[in-house]
Protein chains: 2
Amino acid sequence: MGKKGAKVIATLKDIAKLADVSVCTVSRYLNSDIVIKKETEERIRQAIKELGYVPNVVAKSLKRNETTNVAVILPKIDNLYYAAMTAGIGEILGNHHYNLFIYEVNHLNLDEREVLQLMRENMVAGVIFIGLSYDMSFKDSIQILLDWNIPVVYMNRQIPYNGYPLIYPDFMKAGGLAAEHLRGKGRKRTAFVYKNKSSEFIQSNINAYKDAYPESDELIMIDLDGDMDMDRCVDRLLEEKADSVFVLSELLTANLTKRLIQRGVRVPEDIAAIGFGYSLISEISTPELTCLDFGDKEMGRKGAELILSQIHKKKVEPVTVLPVRLVEREST
Amino acid sequence: MGKKGAKVIATLKDIAKLADVSVCTVSRYLNSDIVIKKETEERIRQAIKELGYVPNVVAKSLKRNETTNVAVILPKIDNLYYAAMTAGIGEILGNHHYNLFIYEVNHLNLDEREVLQLMRENMVAGVIFIGLSYDMSFKDSIQILLDWNIPVVYMNRQIPYNGYPLIYPDFMKAGGLAAEHLRGKGRKRTAFVYKNKSSEFIQSNINAYKDAYPESDELIMIDLDGDMDMDRCVDRLLEEKADSVFVLSELLTANLTKRLIQRGVRVPEDIAAIGFGYSLISEISTPELTCLDFGDKEMGRKGAELILSQIHKKKVEPVTVLPVRLVEREST
DNA sequence: TTGTATGCGTTATCAG
DNA sequence: CTGATAACGCATACAA
């Protein structure tokens with residue numbers, strides 16, 4: 001349609017012919033390492049323009065045995081936190097002219113080994129894993145990528161160093177920030193409310209909390225699993241005469257706060273609420289929620305830098321811990 | 001380290017040698033079109049296993065002059081709607097063993113032409129654009145992809161057909177659903193509240209509304225731009241004695257509702273609120289918001305199918321309009 | 001400063 | 001049923 005039927009794709013050879021030089025000279029011009037005579041350069045430039053030449057990075061990748069594609073493997077892309085991390089990753093990658101592959105493992109009907117094999121089949125330059133706190137996925141099988149010399153970054157989970165760089169927010173500090181904040185508000189009977197968290201994750205938060213606020217009462221632990229629904233959770237809070245909740249999820253904080261108010265409990269007067277996570281959820285809630293900002297997007301940026309450094313054969317820190325921030329709002 | 005120093009990557013040639021067959025036989029075995037003698041097949045299988053062979057899809061792509069990578073170009077990935085669409089796209093692509101590239105154009109410091117060139121450089125099999133309603137990006141420059149024989153789908157915007165398939169929710173129907181709903185609730189003085197929408201978009205919503213509810217009072221139009229902040233918007237609603245608002249954004253609906261309640265207006269008793277968009281925002285809000293579900297994820301799925309069909313040289317509908325659903329909750 | 005020749009790993013076209 | 005051999009588009013060692 002456009003110009004003259006099916007457009008044929010111009011290659012290096014075509015422009016070499018048109019510019020009356022060798023393929024190799026054109027390649028040199030494009031990758032501009034070596035100097036070229038001004039005159040021939042002009043002919044090449046003309047030919048490129050005339051034929052609308054676009055380089056073929058697939059061929060280049062094959063030849064150079066490397067791509068500029070980085071893969072992100074995550075549990076769920078339509079989740080504000082993972083999306084924010086992904087945005088940060090994409091920003092840095094874009095700045096460095098790298099492309100971003102997304103693999104949402106929930107959708108992929110493949111086992112871990114197959115997903116990892118996909119990475120190598122596609123010759124990705126590096127892989128960033130975004131981990132769920134209650135999910136052990138890939139933690140062990142990742143080794144195979146290292147065997148294949150594919151750089152890896154593991155993001156958002158505090159796990160022991162195991163040969164690939166880790167980057168995660170300072171979850172320990174989070175517990176401490178919450179503790180100090182609630183102490184400042186004169187709260188002593190705090191409940192930990194959570195769902196789908198590993199016991200190590202819970203325990204380390206408890207420790208951080210107690211360290212920062214040793215004179216607090218014994219923590220009331222509420223795991224929202226099967227039997228324990230939101231209403232029973234509220235019952236429990238009232239029975240225990242809790243004066244505050246520390247919820248390990250922003251959405252859970254919003255839902256719990258809403259339920260408390262429906263049940264006639266005043267927030268923060270009767271029970272103060274503070275939650276994990278800083279997105280529009282805590283801002284939309286009524287009352288607006290005091291929450292912990294884990295800097296998801298910044299973590300994405302930093303993680304991308306970690307993967308790029310490795311791709312460029314630079315040494316990187318084994319473990320990067322990012323600062324956490326407490327955002328005070330109405331719910332405390 | 002792993003096994004024996006730097007692991008060498010096995011190629012077809014290597015397994016051919018080990019299995020004592022020709023390269024081409026191995027290739028045939030892998031792509032299993034033609035039948036192979038049982039015995040040699042077994043030798044090949046053995047060799048593949050022994051050498052841990054993984055195919056190189058970059059080489060394959062070069063040879064076959066096509067990839068299995070689909071690009072999604074969107075304004076912002078850390079946005080619930082676009083993320084939901086992306087999730088739908090990824091689900092279908094994954095099922096068909098296609099990979100998903102993400103290009104967040106806000107981040108890319110490139111002009112449109114360069115972004116499109118990126119698509120061809122990387123030999124993507126197809127491109128899905130996710131459009132903002134107030135953004136004209138790429139609408140015209142897309143033609144160049146068609147010239148290059150790269151299939152395209154344009155998602156989430158109602159624009160005139162221009163040579164590439166369109167898929168979007170039935171925005172017209174949305175206005176109608178809202179109108180019918182408010183009529184059913186006996187509301188007559190409705191305000192349209194919006195921000196960053198094109199005048200065509202506004203106008204077509206007005207038309208849809210009036211068609212479905214002709215006996216309604218004249219609509220009160222409130223554009224939340226520079227001067228018009230949320231508080232002035234509330235003032236205006238009270239002055240005009242509005243009994244309902246139809247907000248063309250879910251987040252805006254949540255914020256407006258919150259502000260109304262802070263100002264002592266009862267929702268829905270004094271003013272009923274209904275908004276565009278169905279995500280956790282409307283569920284978290286107090287009161288929970290009646291809203292219009294545009295089926296973002298499903299649109300993603302359908303869009304992915306559209307691109308796959310084109311890649312496989314099948315004819316596709318020029319325009320696909322997806323149904324919209326009204327979700328009734330507390331705010332009306 | 002430029003050209004020739006080779007190969008990256010794969011598929012496809014021939015023969016055998 | 002199987003095997004040479006030639007591409008695909010590009011980068012590069014080596015010559016000139």
Side-chain angles (χ1 to χ4, degrees), chain A residues 7-45 47-48 51-69 117-125 148-149, chain B residues 7-45 47-48 51-69 117 120-125 148-149:
Chain A
K7 233 176 203 173
V8 74
I9 290 179
T11 71
L12 270 192
K13 203 194 292 183
D14 298 320
I15 62 173
K17 195 185 301 176
L18 185 58
D20 196 35
V21 291
S22 78
V23 180
C24 147
T25 304
V26 185
S27 177
R28 280 205 197 89
Y29 164 73
L30 290 171
N31 303 297
S32 65
D33 9 25
I34 308 177
V35 190
I36 295 188
K37 210 206 300 186
K38 208 67 188 164
E39 191 198 37
T40 55
E41 183 177 321
E42 187 48 41
R43 289 212 310 281
I44 293 174
R45 201 198 313 278
I48 286 177
L51 298 183
Y53 172 75
V54 175
N56 182 327
V57 309
V58 173
K60 176 184 292 203
S61 297
L62 175 61
K63 179 64 189 158
R64 308 185 61 155
N65 194 31
E66 64 184 25
T67 67
T68 53
N69 303 331
Q117 183 160 326
L118 226 41
M119 302 299 109
R120 182 165 138 195
E121 288 184 356
N122 288 95
M123 286 180 55
V124 301
W148 289 335
N149 287 313
Chain B
K7 231 174 202 172
V8 73
I9 290 179
T11 70
L12 272 192
K13 204 194 291 182
D14 297 319
I15 62 172
K17 195 185 299 175
L18 185 57
D20 196 36
V21 291
S22 79
V23 179
C24 133
T25 305
V26 184
S27 177
R28 281 204 197 91
Y29 164 74
L30 290 172
N31 304 297
S32 65
D33 11 24
I34 308 178
V35 190
I36 296 188
K37 212 204 305 185
K38 207 67 188 164
E39 192 198 37
T40 54
E41 182 177 323
E42 187 49 40
R43 289 212 311 280
I44 293 174
R45 201 199 313 279
I48 286 178
L51 298 183
Y53 171 74
V54 175
N56 182 328
V57 310
V58 173
K60 176 186 291 204
S61 297
L62 175 60
K63 180 60 190 163
R64 306 186 61 159
N65 193 31
E66 64 184 25
T67 67
T68 53
N69 303 332
Q117 182 158 327
R120 182 163 140 195
E121 287 184 357
N122 288 94
M123 287 180 56
V124 301
W148 289 336
N149 286 313

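Heavy-atom basis, side chains included; hydrogens, waters and symmetry copies ignored. We name chains A, B, ... by the order of the sequence lines, and we start the count at 1 in each one.
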Does A/Lys60 or B/Ser22 map to a spot on DNA chain D nearer the 5' end, using the closest nucleotide for each?
-> B/Ser22
Does B/Cys24 or B/Arg64 map to a spot on DNA chain D nearer the 5' end, using the closest nucleotide for each?
->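 The residue mapped nearer the 5' terminus is B/Cys24.
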At 4.0 Å (heavy atoms only), tell me whether [X] reaches a base, stays on the sugar-phosphate, or touches nothing.
X       : value
B/Val58 : nothing
A/Asn56 : sugar-phosphate
B/Val57 : nothing
B/Leu12 : base
B/Thr40 : sugar-phosphate

To the nearest 0.5 Å, tell me how far B/Ile48 CD1 sits from B/Leu12 CG.
-> 8.0 Å
Rounded distance (nearest 0.5 Å) linking atom NZ of B/Lys60 with atom CG of A/Asn122 =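 Rounded to the nearest 0.5 Å, the NZ-CG separation comes to 10.5 Å.
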Proximity to the side chain of [X] - top-ranked nucleotide from [options]:
X       : options              : result
B/Ala59 : D/dT2, C/dT1, C/dG9  : C/dG9
B/Pro55 : C/dG3, C/dT10, D/dG9 : C/dT10
A/Leu62 : D/dA11, D/dA4, C/dC8 : C/dC8

Measure the distance from [atom1] on [X] to [atom2] on [N] and round it to the nearest whole Å.
X        : N      : atom1 : atom2 : value
B/Tyr29  : C/dG9  : OH    : P     : 21 Å
A/Met123 : C/dT10 : CE    : P     : 11 Å
B/Ile9   : C/dG9  : CD1   : P     : 8 Å
A/Arg120 : C/dG9  : CZ    : P     : 11 Å
A/Ile48  : D/dG9  : CD1   : P     : 16 Å
A/Lys13  : C/dT6  : NZ    : P     : 15 Å
B/Glu41  : D/dC1  : CD    : C1'   : 12 Å
A/Arg28  : D/dC14 : CZ    : C1'   : 11 Å

For residues B/Ile9 and B/Asp14, report the shortest heavy-atom separation together with the two atoms involved.
->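 Result for this residue pair: O-OD2, 3.8 Å.
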With A/Ser27, the side chain to side chain contact (heavy atoms under 4.5 Å, CB included) member among A/Leu30, A/Asn31, A/Thr25 | A/Asn31
Should A/Arg45 and A/Glu41 count as an ion pair when the cut-off is N to O under 4.0 Å?
-> yes
Counting only side-chain N and O atoms of B/Ser27, is one of them less than 4.0 Å from OP1 or OP2 of C/dT10?
-> no
Base C/dT11 paired with B/Lys63 side chain (donor-acceptor, <3.5 Å) | yes
